[in-house]
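All remarks here apply to the structure that follows.
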Amino acid sequence: MKLIKPALFALAFSLPMAADAHRAWFLPASTVLSGEQPWVTVDAAVSNDIFYTDHAAMRLSSLDITAPDGSKVKAENPHTGKLRSTFDLQLKQDGTYKIAIAGSGLRARWETADGKRAFWPGRGQQPKPGDFEKAVPKDAKNLQVSYSSRRIETFITAGLPSEKALAPSNDGLEMQPISHPNDLFAGEKASFRFLIDGEPAKGASVTVIPAGVRYRNSQDDITVTADADGVASFAWPAAGRYWLEAEYKDGKAKPPATERSGVYVATFEVLPQ
């Protein structure tokens with residue numbers, strides 16, 4: 001069973017799941033740019049209200065930026081404050097960039113001989129390969145082991161959109177665009193395929209929420225379910241920024257896990273017609 005790098009593991013389980021009030025996100029100042037090698041600034045945070053910095057900064061230690069040609073790009077001027085992180089990106093190539101933070105790993109819970117609940121890994125713990133076998137008793141009572149993944153992404157295009165940076169890694173829950181993420185317009189239908197370890201995530205629940213929740217009495221969310229091919233489709237009701245979250249769970253985990261789950265989050269900008 002693969003164990004992730006410590007920093008990724010910490011991220012995967014320090015951020016809340018969908019049922020919690022806090023939501024993680026990237027927010028580019030713009031997602032479609034032109035000109036010669038333009039610059040863009042990106043915010044990253046975990047918040048109560050979507051796209052408002054009111055809870056905690058997202059750590060950038062695992063930040064991964066893929067350029068249009070598939071190479072990796074380093075963020076410029078990274079800074080992490082109390083409530084948000086921020087960094088700059090110069091778009092030296094024409095095409096689409098993917099910005100991501102991802103992580104996955106094992107979790108276990110059981111009952112001790114005296115009836116107390118036990119968990120692994122502990123809060124803030126950064127497990128290493130082999131720690132599961134050392135930490136979890138082989139005869140643990142009511143042992144439950146799950147393998148979970150989390151991925152947070154956004155996309156930025158200089159000039160014309162391209163596809164190479166969008167290729168999935170086939171690890172955890174991911175989004176494979178059918179509609180290009182930087183070619184979205186109000187009133188048009190969008191379709192995205194969700195994959196779990198490279199296979200269609202049939203039945204994944206997908207929720208889309210427009211920005212500006214703070215100034216509405218409702219979330220105005222759109223919720224759809226992925227079909228047998230993992231495809232979820234919906235129409236953008238208006239121009240603006242949107243936060244998307246997909247969730248998936250099944251019983252196809254590799255031992256010692258018995259449950260496999262994934263959370264995928266992305267920020268999109270929808271332009272007017």
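These values consider heavy atoms only, across backbone and side chains, with no hydrogens, waters or symmetry-generated copies.
- Put simply, the side chain of Thr207 never gets that close to the backbone of Thr223: no donor and acceptor are under 3.5 Å apart.
- Annotation: the span from Asn182 atom CG to Phe155 atom CZ amounts to 8.0 Å, rounded to 0.5 Å.
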Item to complete: Report the C-alpha distance between Arg260 and Asp197 in whole Å, list the side-chain angles of each, state the deciding distance to 0.1 Å, and finish with yes or no for salt bridge (Lys or Arg N to Asp or Glu O under 4.0 Å).
Response: CA-CA 10 Å; Arg260 177 176 64 167; Asp197 297 334; 3.0 Å; yes
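- A donor-acceptor pair under 3.5 Å is absent between the side-chain atoms of Arg59 and the main chain of Ser61, judged by distance alone.
- Shown here is Gln273, whose CD atom has more than 12 heavy atoms of other residues, nucleotides or ligands within 6.0 Å.
- Side-chain atoms of Thr41 never come within 3.5 Å of backbone atoms of Asp88 as a donor-acceptor pair (strictly under, hydrogens ignored).
- For the pair Asp64 and Lys72, the salt-bridge criterion is met [side-chain N within less than 4.0 Å of a carboxylate O].
- Figure legend: cation-pi geometry between Arg107 and Tyr147 absent, as NZ or CZ is not positioned both under 6.0 Å from the six-membered ring centre and within 45° of its axis.
- Contact annotation: the side chain of Asp54 approaches that of Asp49 to within less than 4.5 Å [non-hydrogen atoms, C-beta and beyond].
- The CG atom of Asp43 lies 9.0 Å from the OG atom of Ser85; values are rounded to the nearest 0.5 Å.
- With a 4.5 Å cut-off on side-chain heavy atoms, Met58 and Arg84 do not count as touching.
- Aromatic ring orientation, His22 versus His55: parallel (interplanar angle below 30°, classes split at 30° and 60°).
- If you take OG1 on Thr157 and NZ on Lys98, they are separated by 13.0 Å, rounding to the nearest 0.5 Å.
- Arg23 has its side chain out of reach of Val46: every pair of non-hydrogen atoms, C-beta onward, lies at least 4.5 Å apart.
- Salt bridge Lys249/Glu247: absent, no basic N to carboxylate O contact under 4.0 Å.
- Clustering ILVMFWY residues whenever any of their side-chain heavy atoms sit less than 4.5 angstrom apart, transitively, puts Tyr264 in the very cluster that holds Ile222.
- Within the model, atoms CG of Leu33 and CG of Leu89 stand 9.5 Å from one another, a figure rounded to the nearest 0.5 Å.
- The pair Arg151-Asp171 does not count as a salt bridge, with every side-chain nitrogen at least 4.0 angstrom from each carboxylate oxygen.
- Taking the six-membered ring wherever Trp is involved, the centroid distance between the rings of Trp243 and Phe51 does not fall below 6.0 Å.
- The hydrophobic clustering, which links ILVMFWY residues whose side-chain heavy atoms are closer than 4.5 Å, places Tyr242 and Leu166 together.
- The distance from atom CZ of Phe194 to atom CG of Asp227, rounded to the nearest 0.5 Å, is 11.0 Å.
- Cluster annotation: Leu184 and Val32 are assigned to distinct hydrophobic clusters (Ile/Leu/Val/Met/Phe/Trp/Tyr, side-chain heavy-atom contacts under 4.5 Å, transitive).
- Within a 6.0 Å sphere centred on CZ of Arg117, heavy atoms belonging to other residues, nucleotides or ligands number 12 at most.
- Side-chain atoms of Gln176 do not come within 3.5 Å of backbone N or O of Phe192 as any donor-acceptor pair.
- Put simply, the side chain of Asp183 never gets that close to the backbone of Pro161: no donor and acceptor are under 3.5 Å apart.
- Proximity of Gln219 to Pro210: side-chain heavy atoms (C-beta onward) are nowhere separated by under 4.5 Å.
- Here the CH2-CG distance, from Trp39 to Asn77, works out to 6.5 Å after rounding to the nearest 0.5 Å.
- Residue pairs meeting the ring pair (Phe, Tyr, Trp, His ring centres under 6.0 Å) criterion with at least one member in residues 74-106: none, sequence neighbours excluded.
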Worksheet entry | Steps toward side chain to side chain contact (heavy atoms under 4.5 Å, CB included) verdict (Val231, Ile178) | CA-CA 9 Å; Val231 176; Ile178 298 174; 3.8 Å; yes
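- Side chain of Glu174 to backbone of Asn170: a donor-acceptor contact under 3.5 angstrom is found.
- With Thr267 contributing its side chain and Phe26 its backbone, the two residues share a donor-acceptor pair below 3.5 Å.
- Between Trp236 and Phe185, the distance from one ring center to the other does not fall under 6.0 angstrom.
- Contact of the Arg214 side chain with the Tyr52 side chain is registered, since non-hydrogen atoms from C-beta on lie closer than 4.5 Å.
- Using modelled atom types, no side-chain atom of Ser162 and backbone atom of Lys164 make a donor-acceptor pair closer than 3.5 Å.
- Annotation for Asn217: atom CG does not count as buried by contact number, only 12 or fewer foreign heavy atoms lying within 6.0 Å.
- Residues that satisfy the side chain to side chain contact (heavy atoms under 4.5 Å, CB included) test with Pro200, not counting sequence neighbours, are absent from this structure.
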